[in-house]
Amino acid sequence: MKNIFTLILLTISLIGNAQIIDFNPDEPSITKHEVKINGKSIDYTAEVGMQEVYNDDDKTSAFLLYTYYSRPNLKNDVNRPLVVSFNGGPGSASVWMHLAYTGPRVLNIDDEGYPVQPYGVKENPHSILDIADIVYINPVNTGYSRPIKDEDGKFDKKEFFGVNEDITYLAKWINDFVSRKDKWRNPKYLIGESYGTTRVSGLANRLQNNHWMYINGVILVSPTELGIERNGPVEVANRLPYFAAAAWYHNQLDAQFQNMPIQDYLDEVEKFTIEKLTPAMVKGGFLNPDEKQKMAMQMEEYSSVSAEVFLQHNLELPYNYFWKELLRDEGFTVGRLDSRYKGLDEKEAGGSPDYNAELTSWLHSFTPAVNHYFKHDLKFETRNAYNMFGNVYPWDRTKNNNTGKQLRQAMAQNPSMEVMIQSGYFDGATTYFNAKYTMWHIDESGKLKDRLHFKTYESGHMMYLRKEDLKSANEDIRKFILNNIPKEGEAIKY
């Protein structure tokens, strides 16, 4: 039977526009390892496989790469949580949180997250594997995951590439995975980063309402808007706290602000943003000139960008201009996803950086590490390239692009479900203040606010790349999970 299956795989690899399927989904790679977490050594198993995606006709339409970490031979395994992990993009592989955050291995990088040689991984002393099993999932066209193509090398993109489509097939995949691993009784948690927060917010609702799989908690790392509107004056005013945070990090402020602890400083900036800047910007072109000048002067104090520049933009300073402007006098740009990182442009003039300084730094260390790790540590090989970022174009955002409200519905239906948001102060893509705004508006009734938790860190989009935040952010997840599981025999009700 195995030889017949191998023949089938080889045949598939020769058709479909040179499609490569050189693995057996019935035989994942399983390896044994050890890691010391919080000073205690634990044994664990790593399973790497390619599990099928079944379409509505129950035919295989794709294979998804997963890496499943579990602890063998534990008593009371039914009480051990399962954490299902996604990254974002939406065309991003799961490598980021897998090899830098919650897993048993993390990148070999310096304490602030910058690449060092030799490239590779080391033990993660803060992994949550001590208290939970973790599965990292790569959606179609990310990592080694691939769709099944026809003889012309084509596949139905509409089955996978869209807010609703993504949630639909991944929910079915998770249902299948949980059944195969016999985890239906275990507490379950979803964690997503960036677009992955859109994904897991929708999955929480879809799993409960279409698969009757109830989720204990959802962790949103550097969340997107989740379909919650913030256009116009609110969106523009919400930029200022991030501008202020980045200026604080780069020591661009006057001493009265620079010497303040960052949270105290940002509390002041947020108060100004909510109580004065937003109401002023609502007036648009009818804002009194003196008041407009006053707003610009205060924005200069908080961001170090001159009032003149703010006035030239009618107070609506674009993010990309800020990344170019903040350190223009020093000859540097700052990163988008993490503004701690500096870049070098050919010209100091202009309104946008030449490249994303933080992303180039991250790819510098992540790419060689993940390719080496799968081959040598996890013993998994394929001729497919590992897609750090895969082609998922066009992505349909026209249907059900309101996963924040879907998450609220899931919470309302499940009295035990809680949500934690994690955000870095220096993230200029999914800013910490927009993340806070998202939390405020997930449930505008206020009835669920005690089940929504907010954590911030002195880093950027991937806060866990900073050694100090790797420890604190994992500990926040650990406490969130352990404190959230209902006590045995405790009724789940309002």
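The structure displayed is predicted, hence computed values, not measured ones. Excluded from the calculations below are hydrogen atoms, water molecules and symmetry mates; all remaining heavy atoms, backbone and side chain alike, are included.
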Quick one, Ser339 and Glu358 - any side-chain contact, counting heavy atoms below 4.5 Å? no
Where does the angle between the aromatic ring planes of Phe243 and Phe322 fall among parallel (under 30°), tilted (30 to 60°) and perpendicular (over 60°)? parallel
Could you point out which residue of Phe86, Tyr69, Tyr66, Tyr68 forms a ring pair (Phe, Tyr, Trp, His ring centres under 6.0 Å) with His98? Tyr69
State, with a plain yes or no, whether a side-chain heavy atom of Phe63 is found less than 4.5 Å away from one of Val53. no
Check whether the side chains of Tyr457 and Ser423 place a donor and an acceptor atom closer than 3.5 Å, and report yes or no. no
May I ask you to check whether Asn484 and Arg451 show a side-chain donor-acceptor distance below 3.5 Å? no
Hey, does Leu64 have a side-chain heavy atom less than 4.5 Å from the side chain of Asn138? no
Inter- and intrachain pairs under salt bridge (Lys or Arg N to Asp or Glu O under 4.0 Å), touching residues 220-240, at least two apart: Glu235-Arg239
Do Ser459 and Asp469 have side-chain N/O donor and acceptor atoms under 3.5 Å apart? yes
May I have the step-by-step check of salt bridge (Lys or Arg N to Asp or Glu O under 4.0 Å) for Asp133 and Lys183, ending in yes or no? CA-CA 10 Å; Asp133 291 348; Lys183 294 292 181 181; 3.4 Å; yes
Would you call the rings of Trp440 and Phe433 parallel, tilted or perpendicular if under 30° counts as parallel and over 60° as perpendicular? perpendicular
Salt-bridge test for Arg340 and Glu112: reply yes if a basic N is under 4.0 Å from a carboxylate O, no otherwise. yes
May I ask you to say whether Arg199 pairs ionically with Asp166, meaning some side-chain N is under 4.0 Å from a carboxylate O? yes
May I ask you to establish whether Lys149 and Phe155 are in a cation-pi arrangement, using a distance under 6.0 Å from NZ or CZ to the six-membered ring centre and at most 45° from the ring axis? no
Taking atom types as modelled and ignoring hydrogens, do the side chains of Thr198 and Thr224 form a donor-acceptor contact shorter than 3.5 angstrom? yes
Pair Asn141-Asn391, side-chain donor/acceptor within less than 3.5 Å: no
Taking the ring of Phe177 and the ring of Trp173, is the distance between their centroids below 6.0 Å? yes
Glu159 and Asn55: side chain donor to acceptor below 3.5 Å: no
Set of residues satisfying salt bridge (charged side-chain N to carboxylate O under 4.0 Å, His left out) with respect to Glu468, sequence neighbours excluded: Arg466
For residues His441 and Glu444, is any side-chain donor paired with an opposing acceptor at under 3.5 Å? yes
Kindly write out the residues that satisfy salt bridge (charged side-chain N to carboxylate O under 4.0 Å, His left out) with Glu270, not counting sequence neighbours, or none if the list is empty. Lys436
Gln409 and Asn205 side chains, donor-acceptor separation under 3.5 Å: no
Would you please indicate yes or no on a ring centroid separation below 6.0 angstrom for Tyr101 and Trp96? no
Taken in chain and number order and not counting sequence neighbours, the residues that satisfy ring pair (Phe, Tyr, Trp, His ring centres under 6.0 Å) with Tyr144 are Phe374, Phe380, Tyr386
Any side-chain heavy-atom pair from Pro233 and Val236 closer than 4.5 angstrom? no
Could you check whether Lys324 pairs with Glu348 (Lys NZ or Arg NE/NH1/NH2 to Asp/Glu carboxylate O, under 4.0 Å)? no
Please name all residues satisfying ring pair (Phe, Tyr, Trp, His ring centres under 6.0 Å) with Tyr302, sequence neighbours left out, ordered by chain then number. Phe257, Phe272
Asn483 and Glu418: side chain donor to acceptor below 3.5 Å: no
Between Asp56 and Lys172, does any NZ, NE, NH1 or NH2 come within less than 4.0 Å of an OD or OE carboxylate oxygen? yes
Charged N-O contact under 4.0 Å between Arg478 and Glu475: yes
Give the ring-plane orientation class for Tyr114 versus Tyr341, where under 30° counts as parallel, over 60° as perpendicular and anything between as tilted. tilted
Consider only side-chain N and O atoms of Tyr464 and Glu193, and report whether a donor and an acceptor are under 3.5 Å apart. yes
Indicate yes or no: at least one non-hydrogen side-chain atom of Val392 is less than 4.5 angstrom from one of Phe160. no
Tell me whether Arg328 forms a cation-pi arrangement with Tyr321, defined as NZ or CZ under 6.0 Å from the six-membered ring centre and within 45 degrees of its axis. yes
Can you spot which of Arg206, Lys158, Arg397, Lys399 makes a salt bridge (charged side-chain N to carboxylate O under 4.0 Å, His left out) with Glu165? Lys399
Is a side-chain donor-acceptor pair under 3.5 Å present for Gln406 with Asn402? yes
Taken to the nearest 0.5 Å, the spacing of Ile131 CD1 from Asn474 CG works out to 9.5 Å
Taking only Lys NZ, Arg NE, NH1 and NH2, and the carboxylate oxygens of Asp or Glu, determine whether Arg336 and Asp427 approach each other closer than 4.0 Å. no
Per-pair distances, 0.1 Å, donor-acceptor, side chain in residues 284-291, under 3.5 Å, sequence neighbours excluded:
residue: Asn288; atom: OD1; partner: Asp290; partner atom: N; Å: 2.8
residue: Asn288; atom: OD1; partner: Glu291; partner atom: N; Å: 3.4

